[in-house]
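For clarity, every value in this text was computed on a predicted model and none was experimentally measured.
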Amino acid sequence: MKKRLLGTGMALGLSVSMLAGMTVQAADTWTVTCPWAASGVAAMVNQQAAAMSTDYSDDIILVADAVAGDAATVNSWIADNTAGDTSLVFAGEGLFAVTPLLDAAKLQFTYDDFEYVENLYSSIFVLSADASLEINGIEDLQAYAESGETISVATNGATSSEAFLAAALFGSMGAGDQLKLVPYESAAEAAQAVSKGETSFAVSHQSQIYEAAEQENVTIVCAFDEDALENGPFAGVEGVGAYGYPYFRNRCFIMAPGGTDEDTVTALRTLYDDILADEEMVSWLQDTMYLEADPMTEEDVLAHIENVSSIVEEYMDIVVG
C-alpha cells in the first residue's frame with residue numbers, strides 16, 4: 001500500500017458518506033511491547049515503526065511500549081493476551097534458544113504460544129578491543145588468543161546473545177579457558193566498559209561502540225556475520241564466518257497472540273513489510289542505528305533459532321562454568 005495523502009476530493013467524499021449515514025470503521029490500535037530497556041535499540045526501532053504505521057494503514061495503528069523485564073515481561077504478556085487481542089510483543093533468539101537451555105523455569109511459554117508476524121530488524125554485533133592492544137583484525141585476535149593472556153570481554157548480561165557469541169568465538173579458537181566474561185546491565189554499558197579500559201574487549205551493537213571508535217579508544221576487530229560489513233561506519237570489518245568461526249545475528253521477532261487469525265497476521269505482516277521497505281526507514285536503520293531491514297519467513301526464523309541453540313549447547317560450559 002502506498003503512503004496516503006488525504007486530498008480535498010477524498011475529504012469531501014468522506015463527508016458526504018458520513019452525512020449519508022454510512023459508518024466509518026475505526027482503526028484498531030495495536031500495542032507493541034518491547035520487553036527490554038526503553039533506551040535500547042529494539043525500543044527505538046519499535047518507536048520509529050509505530051510512528052510510521054499511519055502512513056501505510058487506515059486499519060491498524062501501532063503504539064510502542066517498552067517494559068523492562070525480558071522473560072518476566074513476556075510471561076505476563078502471554079498470561080494477559082489471547083487470540084483476538086490487539087497486542088504484539090517482541091521475542092528473539094535469547095528467549096527461544098538461550099533461556100530454554102539455561103533456565104527453562106523462567107519461561108511460561110513456548111514458540112507455539114505465538115503467531116509469527118515479522119522480523120523487525122537484524123543487528124550484526126561487533127567485537128571491539130581496547131585500542132592499546134593494537135588488535136585490528138581477526139589474525140591479530142588469533143595471535144592474542146594464542147599468547148595465553150586472559151581475555152576479558154564485556155557483555156550485556158552473563159548469559160546473553162553477546163556472551164555466547166564471545167564464548168563461541170574464543171572457544172572455537174581454543175582459548176575458552178582464558179575467557180573471562182564480564183556482565184553489564186546493557187550492551188551500551190558493555191561498550192562503555194571497554195572504552196574505559198575496564199575490559200580488554202566488548203561485544204555490542206555497532207551504534208553503541210561508534211563514539212568510542214571515533215575517539216580512537218577502541219578498535220573494531222570483527223563482525224559476527226559471514227562476510228565483511230557492507231554498510232555503516234565499520235564497512236569492511238571482517239566477518240568471523242569467513243574464518244570458519246560460528247556466529248549469528250541478533251534478531252527481533254514481532255509476535256501476535258497464539259490463535260490470531262491468518263487474515264489479521266497477514267495484515268500486520270503487510271504493514272510491517274511496507275514500513276521496512278520505506279526508503280526513510282531503510283536509511284534510518286542503516287545510517288543512524290547501523291541495523292538492517294531483514295524480513296524473514298517463519299522457516300528462516302526456525303532455522304535461526306536452531307542455529308543459536310546449537311551454539312548455546314556447544315559453548316554452554318564456557319559461559320556458565
Task: pair V45-W284: side-chain heavy atoms closer than 4.5 Å - done: yes
Task: Q178 (side chain) donor-acceptor with T150 (main chain) under 3.5 angstrom - done: no
Task: N46 side-chain N/O to V32 backbone N/O, donor-acceptor pair under 3.5 Å - done: yes
- [ ] For A43 and C34, work out which heavy atoms get closest and say how close.
- [x] N-SG, 3.7 Å
Task: Flag for T264-D261: side-chain donor and acceptor within less than 3.5 Å - done: yes
Task: Single-linkage hydrophobic cluster I318~L181, side-chain heavy atoms < 4.5 angstrom - done: yes
Open item on the list: Testing Y245, Y144, F201 one by one against F170 for a ring-ring contact (aromatic ring centres under 6.0 Å, His included), which residue passes?
Closed with: F201
- [ ] Kindly say whether T297 contributes a backbone atom to a donor-acceptor pair with the side chain of D300 at under 3.5 angstrom?
- [x] yes
- [ ] Report yes or no: do V63 and M52 belong to one cluster of Ile/Leu/Val/Met/Phe/Trp/Tyr joined by side chain heavy-atom distances under 4.5 Å?
- [x] no
Task: More than 12 heavy atoms of other groups within 6.0 Å of E226 CD - done: yes
Open item on the list: If you compare all heavy atoms of A64 against all heavy atoms of A50, which two are closest, and at what distance to 0.1 Å?
Closed with: N-CB, 3.8 Å
TODO: Kindly determine whether L165 and L169 satisfy side-chain contact (heavy atoms from CB on, under 4.5 Å), including the steps that lead there.
DONE: CA-CA 6 Å; L165 286 170; L169 177 59; over 6 Å; no
Open item on the list: If hydrophobic clusters are built by linking Ile, Leu, Val, Met, Phe, Trp and Tyr wherever their side-chain heavy atoms come under 4.5 Å apart, do V308 and I254 end up in the same one?
Closed with: no
Open item on the list: So C252 and W36, do their side chains get closer than 4.5 Å, heavy atoms only?
Closed with: yes
Open item on the list: Can you see whether S132 engages D130 through a side-chain donor-acceptor pair at a distance of less than 3.5 angstrom?
Closed with: yes
- [ ] Check whether more than 12 heavy atoms from other residues, nucleotides or ligands sit under 6.0 Å from atom CD of E185, and answer yes or no.
- [x] no
Open item on the list: Under 3.5 Å, is there a donor on one side chain and an acceptor on the other for D294 and S122?
Closed with: yes
Task: Interatomic spacing from CG in L95 to OG1 in T73 - rounded to 0.5 Å - done: 9.5 Å
Task: Atom pair CE/CG of M281 and L285 - distance to nearest 0.5 Å - done: 4.5 Å
Task: ILVMFWY network linking L271 to L120, side-chain heavy atoms under 4.5 angstrom - done: yes
Open item on the list: Using only atom types and a distance under 3.5 Å, with no angle test, would you say the side chain of T260 pairs donor to acceptor with the backbone of P257?
Closed with: yes
Open item on the list: When you compare the side chains of D287 and S283, does any donor N or O come within less than 3.5 Å of an acceptor on the partner?
Closed with: yes
- [ ] Applying side-chain contact (heavy atoms from CB on, under 4.5 Å), run through V98 and S160 and close with a yes or a no.
- [x] CA-CA 8 Å; V98 179; S160 60; over 6 Å; no
Open item on the list: Nearest 0.5 angstrom please: F248 CZ to S310 OG, how far?
Closed with: 9.5 Å
Open item on the list: Are the side chains of S200 and L133 in contact, using a 4.5 Å heavy-atom criterion?
Closed with: yes
Task: Short side-chain donor-acceptor distance under 3.5 Å, T219 and E134 - done: no
Open item on the list: Could you tell me if the side chain of L276 sits less than 4.5 Å from the side chain of E118, heavy atoms only?
Closed with: yes
Open item on the list: Minimum heavy-atom separation for V237 and A223, please, with both atom names.
Closed with: CG1-N, 3.8 Å
TODO: Heavy atoms only: give me the nearest A97-S309 pair and the separation to one decimal.
DONE: CB-OG, 3.4 Å
Open item on the list: Tell me whether D140 contacts the main-chain N or O of N136 through its side chain, where contact means a donor paired with an acceptor under 3.5 Å.
Closed with: yes
Task: N/O donor-acceptor pair under 3.5 Å between Q206 side chain and M289 backbone - done: no
Task: 4.5 Å side-chain heavy-atom contact, T155 and V182 - done: no
TODO: Calculate, to the nearest 0.5 Å, the distance between atoms OH and CZ belonging to Y315 and F164 respectively.
DONE: 11.5 Å
Task: Side-chain heavy-atom pair E93, V312 within 4.5 angstrom cut-off - done: no
Open item on the list: Would the distance check show the side chain of D28 and the main-chain N or O of I60 forming a donor-acceptor pair, the cut-off being under 3.5 Å?
Closed with: no
Open item on the list: If I compare all heavy atoms of P183 with all of G157, which pair ends up nearest, and what's the gap?
Closed with: CB-C, 3.5 Å
Open item on the list: Side chains of E162 and Y184 only: does a donor on one sit below 3.5 Å from an acceptor on the other?
Closed with: no
- [ ] Show the numbers, then the answer: is there a side-chain contact (heavy atoms from CB on, under 4.5 Å) between N250 and Y121?
- [x] CA-CA 8 Å; N250 172 232; Y121 64 80; 4.1 Å; yes
Open item on the list: Could you check whether any side-chain heavy atom of L141 comes within less than 4.5 Å of a side-chain heavy atom of M173, counting everything from C-beta outward?
Closed with: yes
Open item on the list: To check you understand the geometry: which heavy-atom pair defines the closest contact between S161 and G94, and what is its length?
Closed with: OG-N, 4.4 Å
Task: Intermediate values then yes/no, side-chain contact (heavy atoms from CB on, under 4.5 Å), T29 and T86 - done: CA-CA 7 Å; T29 298; T86 54; 5.8 Å; no
Task: D274 side chain vs S53 backbone, donor-acceptor pair below 3.5 Å - done: no
Open item on the list: Measuring centre to centre across the rings, with the benzene-like ring taken for any Trp, is H205 within less than 6.0 Å of F125?
Closed with: yes
Task: K106/D70 salt bridge by N-O under 4.0 Å criterion - done: no
- [ ] Quick one: sort the F253 and F96 rings into parallel, tilted or perpendicular, breaks at 30° and 60°.
- [x] parallel
- [ ] Look only at the side chain of R249 and the backbone of H304, and say whether a donor-acceptor pair between them is shorter than 3.5 Å.
- [x] no
- [ ] Quick one: sort the W77 and F114 rings into parallel, tilted or perpendicular, breaks at 30° and 60°.
- [x] parallel
Open item on the list: To the nearest 0.5 Å, what is the distance between CD on E313 and CG on L102?
Closed with: 10.0 Å
Task: Side chain to side chain, Y210 and V126, heavy atoms closer than 4.5 Å - done: no
Task: Transitive ILVMFWY side-chain link M44 to V282, under 4.5 Å - done: no
- [ ] Taking atom CD of E298 as the centre, report whether more than 12 heavy atoms of other residues, nucleotides or ligands fall under 6.0 Å from it.
- [x] yes
TODO: State whether a side-chain donor-acceptor pair under 3.5 Å links E292 with Y290.
DONE: no
Open item on the list: If I take atom CD1 from residue I275 and atom CG from residue D278, how far apart are they, to the nearest 0.5 angstrom?
Closed with: 8.5 Å
- [ ] Say whether, by atom type as modelled, one donor and one acceptor occur between the side chain of S204 and the main chain of A187 under 3.5 angstrom.
- [x] no
- [ ] Apply side-chain hydrogen bond (donor to acceptor under 3.5 Å, both in side chains) to E238 and Y243, showing your working.
- [x] CA-CA 9 Å; E238 296 176 302; Y243 286 76; 2.6 Å; yes
